[in-house]
Amino acid sequence: MSESTNSPSKELPATNFRQIFRDVLAGVLEQSIAADELNISLDEIPLLLEQVRETADSKFGDFTATLAMPLAKRLGLKPRELASGLILRINQYQLFEEKFEPIDAPIGPGFINVRVRDQAIVEGLRMACLDSQLGVPKVSQPHTIVLDYSSPNVAKPMHVGHIRSTVIGDAISRVLRFRGHQVITDNHLGDWGTQFGMILWGWKRCRDESAYQEDPTQELGRLYRLVRKVVDADPQELAQDSIAAALAEKYPEARREVLAETAGLHEGDSENRRLWEQFMPVCREEIERIYGRLDITFDHTMGESFYQPLLAGVVKDLTSSGIARESRGAVGVFLDGYESPLLVQKADGAFLYATTDLATLAWRVEHWKPDRILYIVDHRQSQHFQQVFATARAWGCRSEGQLSETDLVHVAFGTVLGEDGKPFKTRVGDAVGLEALLDEGVERAGRVVGEGEQARQGMNDAKRQEVAEAVGIGAIKYADLSQNRTTDYVFSFDKMLELKGNTAAYMQYAVARVEGIVNRGGVDRELLRREISNDSSVLKLSDPLERRLALTALKLGAVLEDVEIDYRPNVMTSWLYELASCYSSFYDALSVLKAEGSQRTTRLVLCDLTGRTLRQGMELLGIRVPDQM
Ligand code: ARG
């Protein structure tokens, strides 16, 4: 056992106590293995460390390690004896002695429970308070990570389904950046699909020139919806739309003609290409407006069209390396375990969605050399991604470059449901899309935050509108992010705009309240920081509520780690809610501004840290927090 493991290094996360306990445990397990007390391999340690968690009840300490039971079972030992042996070493471990109180004995069948020393908490508070990253260190091995999210099919109006990918992808990208990874975001626009065939067909037959001059987005949207009805030829729908019905009658071959328009575009027909180039900026403008309201930006927006010149090469490469083969005129990749092949070229020569994805993958790997690529896409595309990833791996093994070393992850999510439990639709057939949904959220937020509060007396109309925008859009984002992403969730304005409970508005109020204290007390934050930077003895914990608040605020680093483990922003929202609740209990029971001496300083530091941590947390979710509400 080398001495260095036992002495705290500079990089040690002084504020992340779960990590410190894990580091201690790792050292102790290594010692036990070296001393032949534990017959396991070193490689098993990381997995064992995952069995360190917070305790459910602080009566039993702050963290618990449950590894003794499964380990003892496997090795044929008595769990309490195994735990006692580990505890002996843990208690002697220098880093442990510094940060934790000595452990008496295992609890119950063999739990190893630990309690952080108050002095270590105070030290953590001080460090977090003085640090612009709130005490969260950057990861020691940053990865280059490409995030593919939002990626709507343009020329169709954006709808509620697009919000999940956009909002989840944005939050994950912010968290990964904060942790120190090199993040590249890429909006993989669907800008080459059959929707253009519909618009081209409609444009040539029934455009309204003056409407287009006035509002091109609106007119293209109208054409899309109209032609879609003509092509679908659903009698019920046509019965309600006489224009569509008349067109359907006049053009019985509409479906085939629309396909021909798309094919014309893909084959380089000059008229279709010219129109496509004319329409694209209009489509882009519409989505950019929505991204602007949602505070979403991308490093790159490289649509499917960008990769078109590469597709023939992909198919050739896959075929010549024996990964793809011809079958009834088409070309497909036949993988074990899948009923149907992954088609990369149709019998008529057309390329497919999968072909573009493979070309995109190869391009990204070649140009960005990522360690990981995350695809934040609807769970209904799971099979597509599984097959694309498997094909890419086979392909990567046979070609040069990094393709086979890149970790490919489909970050899937469930469907947004209406209150009737069916997939949420914004007023069927109507022009209402995502934008109108945002408007409605903001309008309702204006009503919710528009009354009562004293703070509002001083707000002018512009300020009020700004707050309503932050609360309304924040509510929609937070409602989405606070769901376990893999399950479906019910979209409900009433619920998401509630001022109590785990909602954006509650969190936004919480930040305003916490910051209000510090401001009301006329506290100079810089002075406060200087006071504690020179002398940590000015901080002292005197109440369990202070202790709990401090430990909860200092969980930020552990929470971000958990968010990254399986890309779940809801881990973050749950913790933010917990932090806000801890703060409420603290503030209801203890006085801050009227306290004196080190008690006042400690409580002010706690308020300052809580406020900054909540604000930072919301920012990492991509949610604005107004400075007054
Ligand atoms: N445009 C696709 C859709 O709307 C999503 C694209 C996701 N990204 C990808 N690389 N396939 O369904």
Side-chain angles (χ1 to χ4, degrees), residues 145-170 172-173 183-199 221 224 228 262 266 276 280 283-284 286-288 290-291 296 298-308 310-311 314 333 342-344 351-368 370 372-393 395 403 406-416 423-426 433-434 485 567:
I145 309 174
V146 172
L147 269 82
D148 177 322
Y149 63 95
S150 196
S151 311
N153 294 333
V154 296
K156 304 181 187 186
M158 264 174 111
H159 58 82
V160 68
H162 291 114
I163 219 178
R164 293 214 82 179
S165 172
T166 309
V167 165
I168 296 173
D170 179 58
I172 294 174
S173 78
V183 173
I184 301 173
T185 58
D186 185 11
N187 187 5
H188 187 70
L189 288 187
D191 60 358
W192 202 240
T194 46
Q195 74 271 30
F196 280 102
M198 296 199 205
I199 294 191
Y224 172 77
R228 160 124 238 163
T262 314
H266 290 176
W276 179 82
M280 269 313 286
C283 302
R284 286 290 296 270
E286 135 138 62
I287 61 171
E288 289 306 333
I290 292 177
Y291 291 141
I296 307 277
F298 297 92
D299 300 322
H300 303 274
T301 297
M302 305 214 305
E304 294 177 3
S305 61
F306 175 82
Y307 302 95
Q308 296 316 300
L310 307 173
L311 302 186
V314 168
V333 179
L342 181 71
L343 282 190
V344 290
F351 301 111
L352 294 104
Y353 182 48
T355 329
T356 309
D357 255 328
L358 287 164
T360 308
L361 224 168
W363 192 94
R364 287 173 175 162
V365 167
E366 185 187 334
H367 291 84
W368 293 330
R372 258 185 266 175
I373 306 180
L374 311 182
Y375 295 82
I376 295 95
V377 186
D378 194 304
H379 69 102
R380 281 169 292 192
Q381 297 193 24
S382 287
Q383 162 128 349
H384 165 76
F385 283 111
Q386 277 173 27
Q387 286 182 293
V388 166
F389 295 170
T391 305
R393 274 188 289 272
W395 193 19
L403 190 50
T406 309
D407 203 2
L408 304 171
V409 189
H410 176 204
V411 180
F413 54 80
T415 309
V416 184
F424 187 74
K425 289 232 174 64
T426 30
L434 188 49
R485 66 171 162 78
Y567 309 109

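In this chain, residues are counted from 1 in sequence order. Remember, it's 1-based here, ligands and their atoms both numbered in the order they're listed.
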(message) One residue to check: Phe385. Relative to ligand 1, which of side chain, backbone, both or neither has a non-hydrogen atom less than 4.0 Å away?
(response)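 The part of Phe385 near ligand 1 is the side chain, not the backbone.
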(message) Can you tell me which portion of Gln381 lies within the under-4.0 Å heavy-atom range of ligand 1? Options are side chain, backbone, both, or neither.
(response)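 The answer is the side chain.
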(request) Please identify which atoms of ligand 1 are closer than 4.0 Å to at least one heavy atom of Asp357. (result)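 Listed by number with element: 9 (C), 10 (N), 11 (N).
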(message) Closer than 4.0 Å to some heavy atom of Tyr375 - which atoms of ligand 1 meet that?
(response)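 Close to Tyr375: 10 (N).
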(message) Check the orientation of Trp368 and His300. Use parallel for under 30°, tilted for 30 to 60°, and perpendicular for over 60°.
(response)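 Rings of Trp368 and His300: tilted, as their planes differ by 30° to 60°.
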(message) Within the 4.5 Å heavy-atom criterion, are Val344 and Thr355 side-chain neighbours or not?
(response)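 Counting from C-beta outward, Val344 and Thr355 do come under 4.5 Å.
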(message) Side chains of Tyr149 and Phe298, heavy atoms from C-beta outward: is any pair under 4.5 Å?
(response)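 A side-chain contact under 4.5 Å exists here.
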(message) Using a 3.5 Å distance criterion without hydrogens, assess whether the side chain of His410 forms a donor-acceptor pair with backbone atoms of His384.
(response)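 Here the side-chain-to-backbone pair does not exist.
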(message) Determine whether a donor-acceptor pair (N or O, by modelled atom type, separation under 3.5 Å) exists between the side chain of Thr166 and the backbone of Ser150.
(response)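 Checking the backbone N and O of Ser150 against the side chain of Thr166, no donor-acceptor pair under 3.5 Å is found.
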(message) Looking at every non-hydrogen atom in both residues, tell me the closest pair between Ser151 and Asn187 and how far apart they are.
(response)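 Closest approach of Ser151 to Asn187, heavy atoms only: N-OD1, 2.7 Å.
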(request) Could you tell me if any non-hydrogen atom of Tyr353 lies under 4.0 Å from any atom of ligand 1? (result)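 So Tyr353 counts as touching ligand 1.
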Considering both backbone and side-chain atoms of [X], is one of its nitrogen or oxygen atoms within less than 3.5 Å of a nitrogen or oxygen in ligand 1?
{"X": "Ser151", "result": "yes"}
{"X": "Asn153", "result": "yes"}
{"X": "Arg364", "result": "no"}

(request) List the closest protein heavy-atom neighbour of atom 8 (N) of ligand 1: residue, atom name, distance to the nearest 0.1 Å. (result)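 Going atom by atom, the protein heavy atom closest to atom 8 (N) of ligand 1 ends up being Asp148 OD1, 3.1 Å.
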(request) State plainly whether the residues Arg284 and Asp191 are in salt-bridge range, i.e. N to O under 4.0 Å. (result)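 No, this pair does not count.
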